Amino acid sequence: MRLCDKSFHPAYLKLAEGVLHRLIAPIATCSRLDRGKSTNDLWKLSACIDELSRGNYSSLLAHCDTIVRNSIAHGRITYMQKQVVYFDKNGKHRELNDTAVVDMVDGLVDTCNGCALALKLFYRQHLGGKIDIPRQVMLEELQADTETPWWHIEGCLVSELAGKPQLIIYSRPMSRDYFKVQYMCIYSAILAEYFAPGFDRYMVSLRSPIAWPGWAALDGLKLSEIRMRGGPKSMEEYKGVLENDLVFYKPNISLPKLLCKIETYAMSFRLHVPLAINERRKNLGLISLKARRAEIHRNAWGAVVNGSVVVDIEHQKDPQGAVRKARRRIIKSARALARRNAKWTNLAKYLPLGYARIAVFQSDRRHRKLYGLSSDLICTVQIRHISRIKAPDIAGSTIEIVWPYRIAWNKAWLERQPT
C-alpha cells in the first residue's frame with residue numbers, strides 16, 4: 001500500500017496527463033475535424049477521452065480509468081486491508097486490489113510506449129516531406145542505425161560556427177582500428193544529414209577510453225547535394241566531404257593492421273555464430289528460448305536454481321512436444337543466467353547442480369509478471385539430485401516424467417491447446 005501511495009499513484013497521474021494526453025490529442029483532433037466539431041476543449045484530458053471512447057481508438061483507453069485519475073488528482077483515496085478505494089469529486093468510486101493497481105499502471109506504460117512507437121514510425125515514413133519531425137526522434141533513429149559493438153552515438157547538439165549552423169555528433173568509438181572509425185564517422189554524418197538536414201557542417205566528436213580525444217568535420221552542403229541527386233552510386237562520390245581529408249583519431253595504444261583485422265574477424269564471429277546457431281535450430285524445428293529471471297543459492301553440496309524462461313512456440317505444430325524436447329536447454333539457460341547474475345563470492349555458482357525448478361512461459365513479460373499461475377504459464381521443468389528438497393507442483397497440473405526431468409503441465413494452458 002505504501003508503494004502504491006508513494007510510487008504508483010504519482011506515476012499513473014503523470015503518465016495520464018503528461019504522456020497519454022499528448023499522444024492521443026492528435027487523434028482526438030482529427031476525429032473532431034472529421035465530424036466538423038470544435039477542437040477548443042481538447043487541451044483537457046477528459047475531452048480527449050470522451051472523443052476517443054466512441055470511435056475505433058477506444059482500445060487506447062483500456063488502462064486509463066477516469067475515476068482513478070480524478071481520485072488521485074483531486075479526490076480522495078481510502079486504503080483497506082487489501083483493496084484501494086478511489087473516490088472522485090462526483091462521488092463515484094472504484095475498488096481495486098494492490099495487484100490490479102500495479103497491472104493498471106503497467107498497462108498504461110505499455111499503451112504510451114505503443115503510441116510513441118506508432119508516432120515514430122509515422123515520422124520515419126514521412127522523412128523529407130513537409131512534416132516538422134522532432135530532432136529527438138531523429139537522434140534515436142540515428143543511434144539505432146549506426147549502433148555497432150565498436151561505435152555508439154551518445155547525443156547531438158545544435159551550434160553555430162562563423163555564423164553558420166552546425167550539428168555536433170557526440171560519439172564513443174571502442175576500436176583501435178583507425179579505418180574502422182573513419183568509415184563510421186562518414187557513415188554517421190551521411191545518416192545525420194538524412195535525418196536532420198539543413199546544417200552547413202556536421203562535426204563528429206570522438207571520445208573514447210582507449211584513445212585520445214578526436215574529431216572529424218564533414219561538409220553538409222556536399223552531403224545534401226549527393227542525397228538530392230538520388231544517393232551515391234559508390235562511396236567514391238563522398239571523396240572530399242571530410243575537411244582536410246582527415247579524421248583526427250589517435251588510439252593510446254596502436255595495433256598493427258594484422259591485429260586489427262583479427263579483431264574484426266573475431267568480433268564478426270561472436271556476432272554471427274549465435275545467429276547461425278539459432279537459424280540451425282529453427283531449421284531443425286527446435287524452439288528459441290530466453291532465460292528472463294534466475295536465482296541461485298546453495299543447499300548442502302549442490303546449487304539450487306529457480307527462474308523463468310520464455311519460449312517461442314507460436315509457429316509450432318506440436319507446442320507441447322517442442323517444449324518437452326527443449327527441457328535440457330531450459331534448465332541450462334536458466335542456470336547460466338543465474339551464474340552470470342550471482343556475485344563472485346556466492347559459492348553456489350561454482351557448485352554442481354543439485355536442484356532446479358524453472359517456470360516456462362509463452363509470452364515475455366515484466367519480471368513481476370513471470371510468477372504464479374498466469375495464462376501464459378506452460379509448465380514447470382524440475383530436476384532433483386538432492387532428494388531432501390521437495391516442492392509442490394502446479395495445482396491441478398498433469399505430471400510427466402522424462403527422467404531425470406519432471407514436467408508439470410499447467411491445466412489452464414493445456415485446455416487452450418487444439419485437440
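Side chains included, hydrogens not; waters and symmetry mates left out as well; all remaining heavy atoms used. Just so you know, residue 1 is the first one in the sequence shown, and it goes up from there. What you are looking at is a predicted structure, and each value in this text was computed from that prediction instead of being measured.
Residues Glu141 and Tyr123 are not in side-chain contact: their nearest non-hydrogen atoms beyond the backbone lie 4.5 Å or more apart. When side chains are defined from C-beta on, Tyr202 does not count as touching Ser188, because their heavy atoms never get closer than 4.5 Å. Residues His297 and Asn306 form a side-chain contact, since some pair of their non-hydrogen atoms from C-beta on lies under 4.5 Å apart. Contact of the Gln417 side chain with the Pro319 side chain is registered, since non-hydrogen atoms from C-beta on lie closer than 4.5 Å. Within the 4.5 Å cutoff, side-chain heavy atoms of Leu414 are placed close to those of Gln320. For the pair Ile383/His385, a side-chain contact is recorded, criterion being any heavy-atom separation below 4.5 Å from C-beta on. A heavy-atom distance below 4.5 Å is not found between the side chains of Gln362 and Glu314. Within the 4.5 Å cutoff, side-chain heavy atoms of Met104 are placed close to those of Val68.
Listed here is the closest heavy atom pair of Met174 and Pro149: CB-O, 4.3 Å. When all heavy atoms are compared, the tightest approach of Cys4 to Pro10 is O-CD, 4.3 Å. Between Leu142 and Ala192 the shortest heavy-atom distance is CD1-N, 3.8 Å. Closest of all the heavy-atom pairs between Trp215 and Ala217 is CE3-N, 3.9 Å. The minimum heavy-atom distance between Leu218 and Leu242, with the atom names listed, is CG-CD2, 3.8 Å. Scanning all heavy atoms of the two residues, the minimum distance from Cys64 to Leu108 falls at CB-CD1, 4.4 Å.
Separating the CZ atom in Arg335 from the CG atom in Leu353 is a distance of 5.0 Å, to the nearest 0.5 Å. Atom SG of Cys379 sits about 7.5 Å away from atom CH2 of Trp413, to the nearest 0.5 Å. Rounded to the nearest 0.5 Å, atoms CD (Glu237) and CG (Leu223) are 12.0 Å apart. Separating the CZ atom in Arg94 from the CD atom in Gln83 is a distance of 14.5 Å, to the nearest 0.5 Å. Expressed to the nearest 0.5 Å, how far NE2 of His152 lies from CZ of Arg172 amounts to 8.5 Å. Interatomic distance, CG of Leu60 versus SG of Cys48, reported as 11.5 Å (0.5 Å rounding).
Within a 6.0 Å sphere centred on CG of Asn56, other residues, nucleotides and ligands contribute 12 heavy atoms or fewer. Counting non-hydrogen atoms of neighbouring residues, nucleotides and ligands closer than 6.0 angstrom, the CZ atom of Arg280 reaches no more than 12 such neighbours. Within 6.0 Å of the CZ atom in Arg2, the count of heavy atoms belonging to other residues, nucleotides or ligands does not exceed 12. The environment of NE2 in His367 is crowded: more than 12 heavy-atom neighbours from other residues, nucleotides or ligands sit within 6.0 Å.
A donor-acceptor distance shorter than 3.5 angstrom exists from the side chain of Asn278 to the backbone of Pro274, with no hydrogens or angles considered. Checked by atom type and distance alone, the side chain of Asp312 never pairs as donor or acceptor with a backbone atom of Ser288 at under 3.5 Å. The backbone N or O of Thr66 lies less than 3.5 Å from a partner atom in the side chain of Asn70, making a donor-acceptor pair. The closest donor-acceptor contact from the side chain of Thr380 to the backbone of Ala359 lies at 3.5 Å or more, if one exists at all. In this structure a side-chain-to-backbone donor-acceptor pair under 3.5 Å is present from Ser397 to Ile394. With hydrogens and angles disregarded, a donor-acceptor distance shorter than 3.5 Å links the side chain of Ser71 to the backbone of Phe87.
Legend: residues meeting salt bridge (charged side-chain N to carboxylate O under 4.0 Å, His left out) with Asp364, ordered by chain and number and at least two apart, are Arg292. Asp200 pairs by the salt bridge (charged side-chain N to carboxylate O under 4.0 Å, His left out) definition with nothing, not counting sequence neighbours. By the salt bridge (charged side-chain N to carboxylate O under 4.0 Å, His left out) test, Asp376 is found to be paired with Arg365, residues two or more places apart in sequence or in another chain being considered. Remark: Arg384 pairs with no residue by the salt bridge (charged side-chain N to carboxylate O under 4.0 Å, His left out) rule, at least two apart or across chains. Listed by chain and number, the residues in a side chain to side chain contact (heavy atoms under 4.5 Å, CB included) with Gln143 are Leu139, Glu140, Ile153 (sequence neighbours excluded). Considering only residues two or more places apart in sequence or on other chains, Tyr355 meets the side chain to side chain donor-acceptor pair (under 3.5 Å) condition with Gln382.
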Atom pairs and distances, donor-acceptor, side-chain atoms in residues 25-34, under 3.5 Å, two or more places apart:
unit_1: Thr29; atom_1: OG1; unit_2: Ala25; atom_2: O; d: 2.8
unit_1: Ser31; atom_1: OG; unit_2: Glu51; atom_2: OE2; d: 2.6
unit_1: Arg32; atom_1: NE; unit_2: Glu51; atom_2: OE1; d: 2.7
unit_1: Arg32; atom_1: NH1; unit_2: Ser38; atom_2: O; d: 2.7
unit_1: Arg32; atom_1: NH1; unit_2: Asp41; atom_2: OD1; d: 2.8

Contacts table for residues 109-119: side-chain donor-acceptor under 3.5 angstrom, sequence neighbours left out:
unit_1: Asp110; atom_1: OD1; unit_2: Arg366; atom_2: NH2; d: 2.8
unit_1: Asp110; atom_1: OD2; unit_2: Arg366; atom_2: NH1; d: 3.3
unit_1: Thr111; atom_1: OG1; unit_2: Gly107; atom_2: O; d: 3.0
unit_1: Asn113; atom_1: ND2; unit_2: Val109; atom_2: O; d: 3.4

Compile the donor-acceptor pairs under 3.5 Å between side chains in residues 246-258 and protein atoms, sequence neighbours left out, one pair per line.
unit_1: Tyr249; atom_1: OH; unit_2: Ser175; atom_2: O; d: 2.6
unit_1: Asn252; atom_1: ND2; unit_2: Ile210; atom_2: O; d: 3.4

Quiz prompt | Trace of the side chain to side chain contact (heavy atoms under 4.5 Å, CB included) decision for Ile313 with Val323 | solution = CA-CA 8 Å; Ile313 57 173; Val323 174; 4.1 Å; yes
Self-check item: Pair Phe195-Arg124, side chain to side chain contact (heavy atoms under 4.5 Å, CB included): steps then yes or no
Solution: CA-CA 9 Å; Phe195 289 129; Arg124 184 69 186 250; 4.1 Å; yes
Quiz item: Where do Arg298 and Val304 land on the side chain to side chain contact (heavy atoms under 4.5 Å, CB included) test, with the steps shown first?
Solution: CA-CA 6 Å; Arg298 184 184 69 85; Val304 177; over 6 Å; no
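By the 6.0 Å and 45° rule, Lys349 does not stack over the aromatic ring of Trp344.
For the residue pair Ser333 and Lys290, no side-chain donor N or O sits within less than 3.5 Å of a side-chain acceptor on the partner.
Of the residues listed (Thr146, Val204, Val181), the one engaging Ser171 in a side-chain contact (heavy atoms from CB on, under 4.5 Å) is Val204, and it is the only one. Of the listed residues (Asp103, Asp106, Asp98), just one forms a salt bridge (charged side-chain N to carboxylate O under 4.0 Å, His left out) with Arg368, and that residue is Asp106.
For residues 208-226, the set of pairs meeting the salt bridge (Lys or Arg N to Asp or Glu O under 4.0 Å) definition, not counting sequence neighbours, comprises Glu225-Arg229. Listed by first and then second residue, the ring pair (Phe, Tyr, Trp, His ring centres under 6.0 Å) pairs that reach into residues 4-53 are His9-Tyr86, sequence neighbours excluded. Sorted by first and then second residue, the salt bridge (Lys or Arg N to Asp or Glu O under 4.0 Å) pairs with a member in residues 322-333 read Arg324-Glu400; sequence neighbours excluded.
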